[in-house]
Peer 1: 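Handing you this structure, nothing more for now.
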Amino acid sequence: RLHVNIYDTVQTQFVVPSEAVSLEQGEDNPKLKAHSDLEFNHNSSPFEFWITRRSDPSGLPLFDTRTLSLPPTPIAPVIPDDNSTALDGFPLVFEDQYLQLTSALPLDTNIYGLGEVFASSGFRRDVGTNGGRGTIQTMWARNSPDPLDENIYGSHSVYLEHRYDAKTGLSQSHGVFQFSAAGSDILLLTPPSSPVSLIQYRLIGGTLDFYFFAGPSPQAVIEQYGALVGRPTWQPAWGFGFHLCRWGYSDVNETREQVVRMREAGIPLEVMWNDIDVLHALRDFTTDPVSFPADQVKGFIEELTSNHQHYIPIVDAAIAVLVNDTDVYDTYTKGDELDVWMKNPDGSEYLGHVWPGYTVFPDWFANNTLELWAESLRNWSSAGVNFSGIWLDMNEPASFCNGSCGTGADLAAATIPTSHFPGTPGNLVTDYPEGYNSTIWGPSGNLTINGTLTYGDDTTTPALSKRAVGAAAEPGVDLNSPRYAIHNADGPVWANTVSTNATHANGAAELDVHNLWGLMEEKTTHLSLLALRPTKRPFLISRSTFASAGKWTGHWLGDNTSKWKYMYLSIQGVLQFQLFQIPFVGADACGFRGNTDEELCNRWMQLAAFTPFYRNHNERSALSQEPYRWDSVANASRTAINIRYSLLPYWYTLFANASLHGSPPVRALFFEFPDEPELFAVDRQFLVGRDLLVTPVLTPNVSTVEGIFPGQGRVIWRDWYTHKVVDAAISQNTSLDAPLGHINVHIRDGAALLLYGEPAYTIEETRAGPFSLLVVQAADGYAFGTVYLDDGESVPPTPNTTLTITASKGTVTIRPRGDFYISQKLREITVLGAGRTAPGKVVVNGKAVRGWKFDKGVEKLVITSGVCGLDLNAPVRISWG
């Protein structure tokens, strides 16, 4: 990588402190200047720089701020309804509250990243060509229920660019990371008749601190970014199970009922969650004494634990203040004593308004905040809420009022803002997925009623919200706001959050550290959980994220909507966060906001089973959507979870590689097939690791789905269920059968997957069962795979063993390396592509065995006798011929 930092010589501009993000230091090796593939070039007057590849001296620069490389100016607004996209020139600007830098890009280049966002253009970002408007990506953490093309919860100013050379048929990738917590706009534009596209950075603070990653493959770029900001935390094995939640479980008995009914339906449930319903007066670290009495919650969690299941409660960002002299709330009182709350400029406590009423906000830069947080979690656990993990929400941070609205207010008069609750008058939940008309069919959401299909294309549904570009430049902006108004979709930067003039213990203003708030809470919570249980891996799911957050937490994609559109958008969300090094990510299956219906929930429960974090969650007052509610959804869920649990060794290994190397567990198709331009915009399919291609149904009322098979005919793809070779079109879509309840999954040749042979109800029970091995030989007999195994919960470094599986024509070998004892035995081996004729004999570890079958139609050899009970702590060799 190459580091270019443009900063003020007196160094008064705010920079991200190392206590928030600790970047890996570069090598102190002068030889790198002569041998690194990345070269820094510059002109002194005016200062301009460009980055080139030493390996491609005649190629286009990777980043180029020279005026001669940019289009001539002035340029009228590139986005016609946004005057801020008028370009009068491209100078380097460095002022206290406005910094600007522009680079030329190849025309219509492939850009990925820059988020968090649900982009209407898809995973590949809109650079303003081929009819696109271009992109204004705003970096300003914001509480908003997953709108299109707006800033939302997280801020990640890193992108991957993928360039294809049509002459050579080869591609190269590189990455660019702009390291700053400042609010900013990042513009991707292509002016009319311009021979180039461009990227422009507009910051309202900080410095212009850039890191460039050489790649040259997409995976290498992602790994290099991970090496800089920090690789993902290790996930406990149970985290890969199915999670269930909803806002609106009225008491502990209704919560317990879900656990009972899931088991009765035979749908595996690993983790039960509670939303803010569990809290007393919606105050963090409490339980409601009437609906969730502490002793009953304790008993409920003990029941879960005895059945190898887990429990996760919510922690919101804001902490309630005492409302009168008789009020008791230990977290606030202790925090007041330790002086850990954010302040107004005059030193008084900053008081916002969130779920509990008037609230304070933790100052993560204060000396004693970790002490308070750890003590609050420890006391909560000791009181009976023996959680396995924590869910962090509202941590942009969100506030329902603007400014310190509690300052000088009558605190006793504060009320819980129930008007924000779905289901209350004026806020009823009436929306349904595209194609379901509740005025005709009623509120059930059923696929059929009295034998009649409920889908109809005459349904009218409100359009998804999309930003009116330039909405940030509204009248009434605080005069103390920066003079450049970033395109924050809420308008002023202080709207619906903590005011930007609030202060921190280190002297920083909230304006400079707003985007770090969620990250700092995640780090503090992670460290608190480690202090509580030093040998156990912390499990966190959080909403607002920043660079390096993956070291501390996983992420869910926020308050999505029960629409087919949002099921599709969840794929780009998962892919974005692989690039951001927060790979443990997923969407609320079946949708959170609005009512789902049977067909959408059926398809979504299957899709979500192939994403890292797998949870069904919806809002209060909406149609219940637990997977047992419809028989077809229950069947689809059982099928998908069975596959997911059988694949746990594969998932676990992918995440071990993420934690060790930064490798993305879920991949866009072009990550693995970078020289196939037909894949560069594909975001309706994805790969799990190298070997599994997932092609979900993303539209209603269909029984087929179109999907492309990468490899341009050089790769053999087999159906997961039948093991048959797919007769796929080359570089074009192939139509696949997809009846309701079926998700298309295909295995790539050359794969060697260790599976759990008997998927059970929980992860612990599944992990205790035997293994099976699936080997998919390529035409030349090659297959390869690795499996990482440990106890699934200890904080590394911990005993572990890696199995290396290799195959050639007529042989498969397994070699263990490590110090973790593998107690489970290998029960069965299946080899696909084993030959066109049945073998004369099969030999396992030097002994001929008879217990095998051969299926000529799919060239499948299944070996059972002589394998059952096979010890994987020693080398294994299987041969046939």
Peer 1: Can you tell me which residue among Phe577, Phe584, Phe580 is in a ring pair (Phe, Tyr, Trp, His ring centres under 6.0 Å) with His555?
Peer 2: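 So the option named by the test is Phe577.
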Peer 1: Who pairs with Asp37 by salt bridge (Lys or Arg N to Asp or Glu O under 4.0 Å), at least two apart in sequence or on another chain?
Peer 2: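 In terms of salt bridge (Lys or Arg N to Asp or Glu O under 4.0 Å), with neighbours along the sequence ignored, Asp37 is linked to Arg53.
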Peer 1: Phe210 pairs by ring pair (Phe, Tyr, Trp, His ring centres under 6.0 Å) with which of Tyr7, Phe40, Tyr201?
Peer 2: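 Checked Tyr7, Phe40, Tyr201 against Phe210; only one passes ring pair (Phe, Tyr, Trp, His ring centres under 6.0 Å): Tyr201.
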Peer 1: Short question: side chain of Asp683, backbone of Phe123 - any donor-acceptor pair under 3.5 Å?
Peer 2: yes
Peer 1: List the residues meeting salt bridge (Lys or Arg N to Asp or Glu O under 4.0 Å) with Asp64, not counting sequence neighbours, and say none if there are none.
Peer 2: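 Here the qualifying residues are Arg66.
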Peer 1: Check this for me: does any side-chain nitrogen of one of Arg124 and Asp108 sit under 4.0 Å from a carboxylate oxygen of the other?
Peer 2: yes
Peer 1: Parallel, tilted or perpendicular: which one describes the rings of Phe240 and Phe655, with boundaries at 30° and 60°?
Peer 2: perpendicular
Peer 1: Salt-bridged, Asp790 to Arg537, with N to O below 4.0 Å?
Peer 2: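 Judged by the 4.0 Å cut-off on N to carboxylate O distance, Asp790 and Arg537 do form a salt bridge.
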Peer 1: Would one find more than 12 heavy atoms of other residues, nucleotides or ligands at under 6.0 Å from atom CZ of Arg815?
Peer 2: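 Result for CZ/Arg815: open.
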Peer 1: Less than 6.0 Å separating the ring centroids of Trp364 and Phe546?
Peer 2: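 Centroid separation for Trp364 and Phe546: 6.0 Å or greater.
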Peer 1: Is there any side chain to side chain donor-acceptor pair (under 3.5 Å) pair reaching into residues 9-22, and which pairs are they, with sequence neighbours excluded?
Peer 2: Asp8-Thr12
Peer 1: Would you call Glu793 and Lys536 a salt bridge, taking side-chain N to carboxylate O under 4.0 Å as the test?
Peer 2: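 A salt bridge links Glu793 with Lys536.
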Peer 1: Between His42 and Phe47, what is the ring plane arrangement, given parallel below 30°, perpendicular above 60°, and tilted in between?
Peer 2: tilted
